[in-house]
Amino acid sequence: MRQVIIIGSGPAGFTAAIYAARANLAPLVVASSVEVGGELMNTTDVENFPGFPEGIQGPELMAKMQAQAERFGAEILYDDVVSLDLEGPVKTVTLGSGAVHQASSVIYATGSAYRKLGLPGEERLSGRGVSWCATCDGFFFREQTIAVVGGGDSAMEEATFLTRFASKVYVIHRKDSLRASKIMQERAFANEKIEFLWNTEVADILGDEAVNGVLLRSTVDGSTRELALNGLFVAIGNDPRTHLVHGKLELTPEGTIWVDGRSSRTSVAGVFAAGDVIDPTYRQAVTAAGSGTVASLDAEHFLAALEQAGGDPQVAEDIEVATDIPDPATDEPETGSAAA
């Protein structure tokens, strides 16, 4: 039986694996069969992750995180979790291959999934002009007219990246101002290939075998018009991947996994959560990585308390909670490489 199983392989999952491996917990990371690395695998230039002043490609950053986790002894498994049994002292993780793994603790860090428009033509034309990943599909739209739906950083990044290929990029946004960061807005506004369609939403996606346009609707007066397009990229946010723990872990009103204060402790003793599945607000790679650190340290403390508790996870959590607030009068800060 394992000490800890980590479900997820984004910044939170791999950072948790690095810390758990360095603590000699020999973590098993269930990394997914097709989506190893999380959202950053679909990102081009990452300019705000500390330590890379010139920026770094998203897939390269995730490859480095994985290599670092493996260097310290983490085992990476390319499979998908299909069911979980989280009650009791032994947590059971069942995979798509049929394999079953057990552990004393679980760190759940499955990230988030692209949010969809919910239009009938969206699924039908997926891969035929509708996309959620500019870096995956932008190449196919050379010298064509496309649109990006959204108003956040992801939408601005997608639109700016797509100007490398497309002759024209529309940005369709429901409001009259963007929620993206100032620097991302400035880049998009300065790009001659980008045109903004304010107070506008997509009412329908047009095309039989491939996208040939969209039906636009004004959010001000409800009027509609058609816009000819070759492709539509949806960048309206993400939803936490919590489907495996519905009915098993307590969720927040936002749909994220509830955790106890600043810790990663969930409503079930021995189960910890990290990254986008607990964060409805910031959702940055660096905050996810920090969250993975917290989860790993919490799991380490829980496993140590489990021995004192005679294997009872609830008693172990009570011990952990009682001892996880340092006393500034007696605790001295760690120094040197072990604390880094």
Side-chain angles (χ1 to χ4, degrees), residues 5-16 30-32 34-35 37-43 80-87 91 93-94 96 105-119 122-123 126 130 132-133 149-155 157-158 173-175 178-181 201-202 233-295 298-299:
I5 294 176
I6 299 168
I7 303 172
S9 57
F14 277 144
T15 303
V30 184
S32 172
V34 294
E35 297 180 326
E39 278 189 75
L40 284 187
M41 297 300 288
N42 300 320
T43 303
D80 302 298
V81 177
V82 294
S83 67
L84 295 169
D85 184 354
L86 302 176
E87 295 298 329
K91 319 301 181 185
V93 179
T94 303
S105 65
V106 166
I107 295 175
Y108 194 83
T110 52
S112 55
Y114 296 119
R115 189 172 297 158
K116 297 183 179 180
L117 296 169
L119 298 174
E122 192 172 13
E123 294 295 338
S126 175
V130 176
W132 294 265
C133 177
V149 184
D153 276 357
S154 295
E157 182 181 8
E158 297 267 285
H173 188 42
R174 292 174 51 86
K175 300 180 180 180
L178 301 172
R179 64 180 184 277
S181 60
E201 62 184 5
V202 178
F233 287 79
V234 182
I236 57 173
N238 305 71
D239 293 310
R241 288 190 175 101
T242 57
H243 60 284
L244 287 170
V245 296
H246 286 181
K248 302 177 186 296
L249 298 179
E250 184 178 341
L251 303 181
T252 68
E254 293 87 358
T256 55
I257 296 173
W258 175 89
V259 291
D260 183 14
R262 296 183 63 188
S263 80
S264 65
R265 292 186 295 269
T266 70
S267 56
V268 174
V271 180
F272 308 89
D276 284 4
V277 291
I278 68 169
D279 179 10
T281 305
Y282 301 106
R283 299 185 57 257
Q284 299 294 307
V286 68
T287 53
S291 178
T293 302
V294 171
D298 283 345

- Message: Looking at every heavy atom in both A273 and S291, which two are closest together, and how far apart are they?
- Response: O-OG, 4.4 Å
- Query: Do any N or O atoms from the side chain of E157 and from the backbone of D153 form a donor-acceptor pair under 3.5 angstrom?
  - Reply: no
- Item | For A285 against P11, the heavy-atom pair lying closest together | O-CB, 3.6 Å
- Message: I need the single residue from L117, V202, L119 that forms a side chain to side chain contact (heavy atoms under 4.5 Å, CB included) with V234. Which is it?
- Response: L117
- Query: Quick check: does any side chain N or O of D85 sit under 3.5 Å from a backbone N or O of K91, one acting as donor and the other as acceptor?
  - Reply: no
- Message: Treating R115 as the side-chain partner and G237 as the backbone partner, does any N or O pair qualify as donor plus acceptor under 3.5 Å?
- Response: no
- Where A155 and G150 come nearest, the two heavy atoms and their spacing: CB-C, 3.5 Å
- Note on the structure: Of I107, V259, V294, I278, the one forming a side chain to side chain contact (heavy atoms under 4.5 Å, CB included) with F272 is I107
- Message: Between E201 and R174, does any NZ, NE, NH1 or NH2 come within less than 4.0 Å of an OD or OE carboxylate oxygen?
- Response: yes
- From L178 CG over to H173 NE2, what is the distance, rounded to the nearest 0.5 angstrom? 5.5 Å
- Message: I need the D80 CG to S32 OG distance, nearest 0.5 Å.
- Response: 4.5 Å
- Test applied, side-chain hydrogen bond (donor to acceptor under 3.5 Å, both in side chains); reference residue, S112; option that passes from T242, D239, D276: D276
- Query: Just checking, any donor-acceptor pair under 3.5 angstrom between side chains of E254 and T256?
  - Reply: no
- Minimum side-chain heavy-atom gap F233-V149 below 4.5 Å: no
- Is the closest basic N to carboxylate O distance between K248 and E87 below 4.0 Å? no
- Checking T94, I5, I7, V271 against L84 for side chain to side chain contact (heavy atoms under 4.5 Å, CB included), the one that qualifies is I7
- Message: If you define the side chain from C-beta out and look only at heavy atoms, does anything of L249 sit under 4.5 Å from V268?
- Response: yes
- Query: Do Y108 and L244 have side chains that get closer than 4.5 Å, going by heavy atoms?
  - Reply: yes
- Task: Might you point out which heavy atoms bring R241 and T110 nearest each other, and give the distance in Å?
- Result: O-OG1, 2.7 Å
- Query: Does the side chain of E158 reach to within under 4.5 Å of the side chain of W132, using non-hydrogen atoms?
  - Reply: no
- Mind listing the closest non-hydrogen atom pair of S264 and A295 along with its distance? OG-CA, 3.1 Å
- Item | T287 side-chain N/O to Q284 backbone N/O, donor-acceptor pair under 3.5 Å | yes
- Taking all atoms of both residues into account, what is the closest heavy-atom pair of K116 and I236, and its distance? O-CD1, 3.6 Å
- Rounded to the nearest 0.5 Å, how far does OG of S105 lie from CD1 of I6? 8.5 Å
